[in-house]
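Written below as structure tokens is the structure these notes are about.
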Amino acid sequence: MKGIFKIILSLVIIALLIIIGALIWTNYFAEPEMPNLKQEMVEYKKINNYEEETESYLIKSSKIDADDFINLSVNSFVDEKIVEFKKDNSSQSKILPRDKAVFKNVIDTFIVNENIVSVKVTIMQKGIEKENYDTQIQTYNFYLKDKVNISLDDLFKAGYKEKIKDKYTDKYLLKNNSIEFYNNTQKNNCTYNTLKEYGKNKIITAKNYDISQEEYDKLLSRVVDPSRKMVAITLDDGPHGSNTQKILDILDAHSARATFFMLGQNVVNNEGVVKDVYSRGNEIGIHTWSHPQLTNLSESSIKSQIEQTSDAIYNVTGYRPTLVRPPYGSFNKVVKDTLKDYSLILWNIDSLDWKSRDENQIVPLVMNDIQDGDIILLHDIHSTTVPAVDKIVSELDKQGYQMVTVSELIEAKGYNRETTQVFYSGRQ
Ligand code: ZN
């Protein structure tokens, strides 16, 4: 009896050892999977706004109100910049300038997953009587569990920097599908997929986190929630000196964002507006330089219409658009092939605002059969479009639509821009 018991016990122990060994083995030699970042992308923020005005300057500042360690990093950076700004601009108060020095900052926050929040601070400032804003971007990526900043070396093995050296900078934002590297204000995307072989799979998959979903939810002020209905408002032919600005205020009042397909020839005349469109979180797309029908042009003319406009937008914002709206919605294979690096964005809701110039006709045309995923065509070049946008945005807000940029729409609806080039809506 004792002998049999010993044999059974030995067998059980051996079996356990094999199982434990196998578990350790598979874990140890597992392929480094990329971090599980497929959680809903939502914005994480409670942002408080502050204003301060003197004879010589105007400060419109935003501070984040989240966990102390986040507040400390982000807000002390903003404070430092404000101190510098005041030092540079308050001594001239006796001149009584017509135009004040301006300091603005915007804080964008993203929940990457339950453990990680990334924060982008955009600071724009201009001196007294100066035309242009200087823009500066600072980035943070917080690991909530340990209350630390995440370095890319925490996420990736050695060698990834060399692999992506054309994009790599030490300013980066973790997003749910990609890392955005910032070189000044120029943004370079690197998808996790392209970095897959360098992944460490350590930090991001940690199970415990300090902030509950309920706490997150309380902090949300603007959310891109893929499970809720959304539309993309697009505004063509601008920017326009006053209309575009009014539309930006309407959008802000409803936490809405839109996509502005700009003409290069208007960009160069309205640089301040272009900066404002961009810094307030809207997307800028290319609508050519001078509005020709692209199907009548040679490849090289198509290229120069797009590239000149891209350069003009880049010179003002530091951002290179990835979307093109062909004038008159007209394109063919040559246009597609020539612009293969861009997504071509058409529309499925036409407001005919350029034709009616009448909000009483524009609003019902847009609202009558609006649906989740629609792309709406409007033109910020016409002043009659402004009150129409006001009504449309209010009504969409009331009906519970999220108003997102075209890129947000495409991403939220799960399209792959490498395999789909032409978009009419987010439900094609
Ligand atoms: Zn147009």
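Heads up: numbering here begins at 1 and tracks the sequence. Whatever order the structure lists ligands and atoms in, that order sets their numbers, starting from 1.
Ring pair Phe331/Tyr424 is tilted by interplanar angle, where 30° to 60° counts as tilted.
Less than 2.8 Å away from the Zn ion (ligand 1), the protein contributes these N/O/S atoms: Asp237 OD1, His287 NE2, His291 NE2.
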Which is it for Phe103 and Tyr57 under the ring-ring contact (aromatic ring centres under 6.0 Å, His included) test, yes or no, and what are the steps along the way?
CA-CA 8 Å; Phe103 178 100; Tyr57 62 73; 9.6 Å; no

Step by step, would you call Glu162 with Lys165 a side-chain contact (heavy atoms from CB on, under 4.5 Å)?
CA-CA 5 Å; Glu162 289 71 23; Lys165 62 178 183 301; 5.6 Å; no

Go through Asp68 and Lys147 one step at a time and tell me if the salt bridge (Lys or Arg N to Asp or Glu O under 4.0 Å) criterion holds.
CA-CA 9 Å; Asp68 287 344; Lys147 303 187 192 300; over 6 Å; no

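In plain terms, the two heavy atoms of Ser118 and Asn141 that are nearest each other are CB-OD1, 3.2 Å.
The pair Arg427-Asp374 meets the salt-bridge criterion, with a side-chain N (NZ, NE, NH1 or NH2) lying under 4.0 Å from an Asp/Glu carboxylate O.
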